[in-house]
Structures are given as structure tokens and as C-alpha cells.
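Data block below; observations after.
Here is how names work: the chains are called A, B, and so on, in the same order as the sequence lines, proteins then strands, and each is numbered from 1. Just so it is clear, the structure is predicted and the values come from calculations on it, not from any experiment.
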Amino acid sequence: MERTHTCGELRTSNVGEAVVLMGWTAKKRDFGIFTFIDLRDRYGLTQIVVSEETANQAHEKAKNVRGEFVIAVKGTVVARTPETINKKLPTGEIEVQASEILILNDAKVPPFQLEVVGSENLASEDLRLKYRYLDLRRSQLQNNIRMRAKTIAKIREFMEMRDFIEIETPILLKSTPEGARDFIVPSRIHTGKFFALPQSPQILKQLSMIAGFDRYFQIARCFRDEDLRADRQPEFTQLDIEMSFANQEMVFRTLEGVMREVFALIDADFETPFPRMTYADAMRRFGSDKPDLRFKMELADLSEDLRETDFVPFATVLENKGEIKCVVARGKADYSRKQLDELQEFVKRYGAGALAWIKIGDELTSSLLKVLGQEKIEQLAKTANAEKGDAVLIVAGKKSVVAASLGALRVEVAKRENLIAKNLYKPLWVTEFPMFEYNEDTGNYDAMHHPFTSLMDEDVPLFKRAIEDGETELLGKIRARAYDIVINGYEIGSGSIRIHQREIQNLIFKALGLTPEKARERFGFFLEALEYGTPPHGGFAAGIERIVMILQGTDNIRDVVAFPKTASAQDLMMDSPGVVDDAQLKELGIKIVE
RNA sequence: GGAGUCGUAGUUCAGUUGGUUAGAACGCCAGCCUGUCACGUUGGAGGUCGCGGGUUCGAGUCCCGUCGGCUCCGCCA
């Protein structure tokens with residue numbers, strides 16, 4: 001018996017045809033002398049009807065069929081009478097009248113119900129992760145994984161049309177201490193030495209430019225041994241791109257093209273070019289380098305109004321080069337004490353000391369009324385652009401803390417108050433990222449993007465001063481030719497125009513506190529390569545999972561990964577990571593201590 | 001590494017101030033049922049209250065520890 005059709009394709013036009021369907025038993029409804037079976041495969045659901053009268057043997061078989069049994073059904077497509085049509089199913093106008101049923105395989109009762117109505121009755125995620133292959137049978141996850149496949153297919157089609165060459169780079173690389181923690185792999189042949197899995201194929205794609213491939217792309221698996229988040233897994237997939245003789249505009253046009261193509265899969269259209277915002281503006285206006293532009297609610301600066309204040313906490317903040325900023329929650333003058341306390345707890349997570357507030361109800365009330373006085377409060381409300389009915393939420397502190405807490409509060413309030421429209425997609429380029437980031441633990445400056453990023457021409461003199469005159473604090477002001485794509489508050493990906501001159505690369509390493517010896521030890525092969533005719537080049541890497549999350553409207557990365565890991569980086573299905581035999585360890589020269 | 005939150009039947013949950021035999025719905029098993037599609041109906045089985053310790057005459061409930069899921073901070077060039 002061969003399958004002739006899938007469970008999603010039969011329509012009234014097929015009525016009268018003899019068909020064979022194969023799939024899983026989603027539901028059975030037994031009426032004594034006849035039985036309905038909902039047969040499911042990845043294409044859909046088709047109702048099978050088996051009657052004692054017309055197919056006695058098949059009916060006997062159907063009696064034994066249970067949930068998730070795999071069966072084959074031979075029968076005839078029949079039209080349903082008008083009153084028995086199921087409008088919820090694409091196949092709802094027909095059913096298959098079975099003449100023969102074959103049980104291809106039985107199935108244990110599943111540990112949780114696959115066919116549930118609404119997500120509130122869905123089994124807990126850890127149980128579903130343990131039986132991931134069952135959870136994946138649900139149409140929601142089937143759709144996510146299929147959209148992921150479609151996304152990647154679209155990308156390949158787009159890149160190949162534009163002459164990009166897909167190059168596979170090694171998974172077994174060499175560890176570099178910069179950036180994220182590496183996953184390392186012991187070498188048997190070279191006892192005591194280790195490979196590292198790529199955090200990204202950064203250097204290899206640059207070497208591909210030096211090799212003359214001109215336009216590279218890869219659907220690249222990347223690995224980072226860092227703690228997980230709702231949008232972060234230890235292994236993930238990037239669309240990795242690199243272009244020779246390219247400036248920032250050319251990279252932007254390419255990525256905008258990719259994004260338009262991909263979002264067309266859900267009939268979303270982007271206007272190109274995408275809007276742009278500098279990093280400095282994003283931080284100032286939204287307190288974030290990945291602002292969600294689906295709603296307004298920008299941060300307002302109250303520092304100038306409070307410059308002369310004698311309220312000690314504020315005065316201290318301003319003396320220490322801190323800031324006092326706020327967001328306005330429109331129409332939320334009715335926030336209760338309890339709600340404001342909750343929001344205060346929320347901002348404290350980001351290091352804020354407190355959340356001050358002004359409520360413009362029938363009268364003006366504020367947690368600062370006593371210390372600042374009515375007049376000052378009114379002035380602050382005016383600066384914040386708050387009107388009657390609004391609540392002003394204020395944080396004072398270090399610039400980084402104010403940005404982080406108010407940036408997050410802005411999103412939190414928008415979520416609570418349902419300010420974010422569905423099916424709205426707001427892309428943004430964030431540009432002019434800082435080249436260096438001060439590391440409070442080491443007292444050094446680290447590369448914010450990566451050490452192969454080129455500087456903005458305007459900032460090169462400043463950079464030379466920082467290096468040659470030892471004014472290292474200037475490093476914090478140097479801007480890089482680095483950029484991110486942000487969509488709906490998600491960092492979709494980032495890239496930069498790279499350094500293609502050896503001398504500049506040396507200076508960057510110097511700024512990062514890397515001695516020439518250390519630099520040679522870690523990147524010697526790359527530095528040497530730079531000297532053999534490196535074209536100017538730049539590129540980008542975009543997170544596939546985050547794109548698919550937005551396409552599918554989920555906020556959980558596990559929903560778009562077929563076999564994901566938990567927040568503690570374990571696979572509950574195969575129970576990895578696991579122990580290995582002593583013999584294996586011995587062969588590798590590895591001893592487990594403690 | 002830190003914080004919050006959850007953990008009770010196969011599943012989703014309820015469980016009062018610490019007090020008799022821990023409940024409901026779905027699922028499962030058996031029977032009945034001529035048009036269901038969340039079928040209906042009758043009956044039945046099913047519990048290490050995550051685990052360990054403590055307080056108490058008595059703990060699902062209170063305390064301490066621990067394990068696991070999720071979310072966030074740190075971390076993620």
C-alpha cells in the first residue's frame with residue numbers, strides 16, 4: 001500500500017477518488033456501529049469514517065486504534081452533507097470513507113496530551129522537552145520549524161542570486177580568550193591541546209575576503225558557553241555575510257534586501273532604506289542600544305532642572321556626573337501605590353536606587369513633593385512633557401544605570417499597558433557604536449564589537465592621541481564603523497567595516513592591552529594574512545532564531561529550535577551533557593578533579 | 001554567581017487558620033451510542049503532595065536545606 005495523498009490536501013474536487021492516507025491518530029470518536037478517526041500528518045488533518053456496515057473488517061481494526069497510533073487508510077473521498085461540514089478544517093468539506101485500515105505501528109499513551117485547546121492546558125515545558133519528538137508533532141511547533149526552514153531557503157536563494165558564495169568554515173577552531181567563553185574540544189592526537197567551537201566564523205570570513213571570494217555567506221552554527229536567556233541558546237545559527245570592496249551602505253542595502261525577502265514570508269513589508277539612529281541617540285532617547293520603536297515613550301532628561309537642587313540624593317548624583325531622567329506613562333496617573341512599588345522593584349533589578357514619581361491626577365501628587373516643592377514638581381512635569389492624567393517615572397543615578405533601568409521600564413510599562421500593536425514590525429539600524437568599552441574588572445578597554453572593527457575616520461585623530469599620548473580615557477569616545485539591525489526591540493544582528501591595514505590593527509591591539517607577542521600568538525596567522533593584499537571589506541551576522549521568533553510571534557527561542565536546551569544548558573531529552581568513560585578520558589589525557 | 005517564581009493523580013490545576021478517607025477537569029481502561037469533529041453517556045482504575053531534614057499530638061499547608069523548570073541581573077567581542 002502506497003500513500004497517495006497527504007492529510008492536508010483533499011478537497012471536494014477529489015470526491016470519488018480512491019485514496020490512501022497515512023498518518024497519526026489525533027482523535028477517535030466511536031459511535032458503536034461507526035467510528036471517526038482524525039488522521040494527522042504534517043500537512044493537516046483529515047477525518048476518516050469507518051462503518052461496520054460497509055467495511056466490517058476495517059471497523060474492527062478501528063476499534064483497536066488509540067491515540068498516536070500510526071495507521072494507513074485506504075478509502076474513497078466523499079463529500080460531507082452540508083450540516084456535517086467542519087469549517088475549522090481546510091479538509092472539512094470532505095471525509096475519507098475507509099474500506100481498509102492498516103495499523104502500521106501502535107503507540108504508548110503519550111505522557112501529555114498533544115491535542116489540547118488553548119495553551120493554558122499545555123503540559124509544562126520540561127515534560128514537553130523530555131519528549132520533544134512528541135511536542136514537535138503539535139502544529140504550532142511544526143509551523144515554527146517549517147518557517148525556519150523557509151527562512152533559510154529564502155536567504156540562500158537571495159544570496160545566491162546576488163553572487164554570494166556559500167563557504168563552510170571549520171567547526172574545530174582554536175580558542176581565543178576574547179569575547180564569549182569557548183566550548184572546547186580535546187584533541188586525542190595532540191594530548192593536552194584543545195580545539196574550540198566557533199563563537200562565530202569571524203576571522204575565517206575575513207580570510208575568505210583575503211582569498212578573493214569577494215562575497216561570502218554561510219548559514220553558520222555558532223557556540224557560546226554563556227548563560228542562557230529567553231532569546232539565547234548555547235548553540236545558534238547565524239546568517240554570516242562578508243563583502244569585499246564594500247562600504248557600510250552596500251552592507252546595509254544587502255541586509256535590507258534579505259530582510260524584505262524574509263519578512264515577505266509573513267506578508268510584512270518594510271520601507272527601505274531602514275531608519276537609522278546613532279548609538280548615542282538610542283541610548284539617550286530610549287536607554288537602549290536596541291530600542292523597540294513600536295511605541296513612543298522616549299526618555300526625558302530632568303538633570304538641568306535639578307542642577308541647583310539641595311535634595312541630597314539628586315545633588316550627589318549630578319555631582320558624580322550622573323543623570324536624572326524619566327519616562328511618562330500616558331494616562332497612568334491612577335497608578336496605585338502597589339503598582340508603583342512593583343515598578344520600583346523592577347528598576348532596582350537594573351541597579352536603580354529608587355523610582356520617584358509624579359502623578360498628574362485631579363491634583364498633583366509626587367513622592368518628591370515634600371523635598372522639591374510644588375513649583376519644581378510642576379516644572380519637571382513640564383520638561384517631561386507630561387499632561388493631565390499622566391504619571392512621570394523618574395530614576396537618578398549613574399548614566400549606565402539610568403539608561404538600563406528606564407530603558408527596561410519603558411518596555412515593561414508598554415507591555416503592562418498593551419501599548420504594543422500586534423503584527424507591527426519596526427526595523428532600525430543603530431550606527432556609530434563605541435569601539436571600546438571600559439572593563440571595570442580589569443581596568444582595561446575591551447572591543448565592544450570585536451577587535452577587527454575599523455574606526456570612524458573622524459575619530460582616528462582622537463584614537464592616535466589616545467594611543468600615542470597615553471590619554472587612554474579618550475578610548476571611550478572613539479566610534480567604530482559598527483552597526484546593528486534592531487527589529488521590535490530585538491538585536492537581530494550586527495556587523496562592521498573591518499580593518500584591512502596591518503598597522504591600524506596593531507594599534508587596536510595596543511589599545512586593548514595586547515602586547516605584540518600576545519597578538520602574534522593568538523592571531524599571528526591572521527595578522528600575516530592582512531599583509532598579503534587585503535581588500536577593504538565589511539560584513540554582518542544575523543541571528544536566524546531571533547528572526548524566526550519575530551516572524552512567528554513568539555518570545556521564546558526554544559519555540560524555533562527543533563531540539564533546544566533548557567535555561568541551565570541541558571538537553572532534557574537525551575540528558576546531555578553526560579559523563580564519558582574513563583577509557584575515553586584516559587585516551588585524551590584528561591583527569592576530572594574534585 | 002545572584003534574585004524572583006513554580007513544583008499536589010498520566011496532564012492542567014484547586015486544596016481555607018496546621019486537623020477525618022487529598023478533590024475537579026481532561027486523559028486512560030471497560031460498556032452503551034447512526035453524524036461526530038473539545039462527541040455524548042454509564043461505570044472504573046489512578047497520589048513518594050519534587051527530594052531530605054526539622055517544628056508539632058498532628059504537615060500538601062510552617063521552618064531549613066536541596067534538586068528541577070521558567071524569567072531576570074551579572075555574563076553574552
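Pairing for B/G40 goes to B/C32, judged as Watson-Crick or G-U wobble with the two contacts each under 3.5 Å. Across all strands shown, nothing is found opposite B/U17 as a Watson-Crick or G-U wobble partner with both distances under 3.5 Å. If you check B/C75 for Watson-Crick or wobble pairing at under 3.5 angstrom, you find it has no partner at all. Of all nucleotides present, only B/U11 satisfies the Watson-Crick or G-U wobble test against B/A25, with each distance under 3.5 Å.
For A/W429 and A/Y279, the gap between ring centers reaches or exceeds 6.0 Å.
Nucleotides B/G60 and B/G54 place their P atoms 15 Å apart, quoted to the nearest Å.
Remark: the A/R80 side chain and the B/U36 base include a donor-acceptor N/O pair separated by less than 3.5 Å. The base of B/C33 is paired with the side chain of A/D30 by a donor and an acceptor separated by under 3.5 Å. Side-chain atoms of A/E226 and base atoms of B/G74 include no donor and acceptor less than 3.5 Å apart.
Among the heavy atoms of the strands, none lies under 4.0 Å from A/R128. As judged by a 4.0 angstrom heavy-atom cut-off over every strand, A/Q570 is placed among residues touching the sugar-phosphate backbone only. Residue A/L89 is classed as having no contact, given no heavy-atom separation below 4.0 Å to the nucleic acid. Nucleic acid contact for A/E440: none, since no nucleic acid atom lies under 4.0 Å from a heavy atom of the residue. As judged by a 4.0 angstrom heavy-atom cut-off over every strand, A/E125 is placed among residues touching the sugar-phosphate backbone only. Nucleic acid contact for A/D446: none, since no nucleic acid atom lies under 4.0 Å from a heavy atom of the residue. Using a 4.0 Å heavy-atom cutoff across all strands shown, A/F346 reaches no nucleic acid atom at all. Within 4.0 Å (heavy atoms only), A/T176 reaches no atom of the nucleic acid at all. Note on A/T84: a base of the nucleic acid sits closer than 4.0 angstrom, heavy atoms only.
Looking at the side chain of A/D126, the nearest of the listed nucleotides B/U36, B/C73, B/G68 is B/G68. Here the side chain of A/N556 is nearest to one of B/U71, B/G74, B/G69, namely B/U71. Comparing B/G74, B/C39, B/U71 by their nearest atom to the side chain of A/D227 picks out B/G74.
Note on A/K27: a side-chain N or O is less than 4.0 Å away from OP1 or OP2 of B/C39. Distances shorter than 4.0 Å separate none of the side-chain N or O atoms of A/T81 from OP1 or OP2 on B/G35. Phosphate proximity of B/G74 to A/R232: absent, as no side-chain N or O sits under 4.0 Å from OP1 or OP2. Put simply, A/Q113 has no side-chain N or O that comes within less than 4.0 Å of OP1 or OP2 on B/A38. Contact annotation: A/R66 side-chain N/O to B/A30 OP1/OP2 distance is under 4.0 Å. Within the 4.0 Å cut-off from OP1 or OP2 of B/C39, at least one side-chain nitrogen or oxygen of A/R29 is found. For B/U12, one of the phosphate oxygens OP1 or OP2 lies less than 4.0 angstrom from a side-chain nitrogen or oxygen of A/S124. For A/K88, a side-chain nitrogen or oxygen approaches OP1 or OP2 of B/A38 to under 4.0 Å.
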Item checked: Worked check of side-chain contact (heavy atoms from CB on, under 4.5 Å) between A/R479 and A/M435 -> CA-CA 5 Å; A/R479 292 165 300 169; A/M435 179 69 206; over 6 Å; no
Notebook entry, point to check: Given A/D571 and A/S576, is the side-chain hydrogen bond (donor to acceptor under 3.5 Å, both in side chains) satisfied, shown in steps?
Noted result: CA-CA 5 Å; A/D571 182 321; A/S576 73; 4.6 Å; no
Item checked: Evaluation steps, side-chain hydrogen bond (donor to acceptor under 3.5 Å, both in side chains), between A/Q238 and A/R546 -> CA-CA 10 Å; A/Q238 283 188 341; A/R546 288 184 187 169; over 6 Å; no
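Aromatic ring pairs are classed by plane angle as parallel below 30°, tilted from 30° to 60° and perpendicular above 60°; the pair A/F34 and A/F36 is perpendicular. Aromatic ring orientation, A/Y483 versus A/F540: parallel (interplanar angle below 30°, classes split at 30° and 60°).
Near RNA chain B, meaning a heavy atom under 4.0 Å away, there are no residues from residues 336-345 of chain A.
Note: CZ (A/R40) to P (B/C37) measures 19 Å, nearest angstrom.
If you check the side chains of A/D182 and A/Q199, you find a donor sitting under 3.5 Å from an acceptor. Of the N and O atoms on the side chains of A/Q218 and A/D240, not one donor lies less than 3.5 Å from an acceptor on the other residue. A/T6 and A/D41 share no donor-acceptor pair across their side chains, judged by distance under 3.5 Å alone.
For A/H450, the ring-ring contact (aromatic ring centres under 6.0 Å, His included) partners at least two apart in sequence or on another chain are A/F452.
The residue among A/A569 and A/R224 whose nearest nucleotide of RNA chain B is located toward the 5' end is A/A569.
Stacking between A/F112 and B/U11 is absent: the ring centroid is not both under 5.5 Å from the six-membered base ring centre and under 30° in plane angle.
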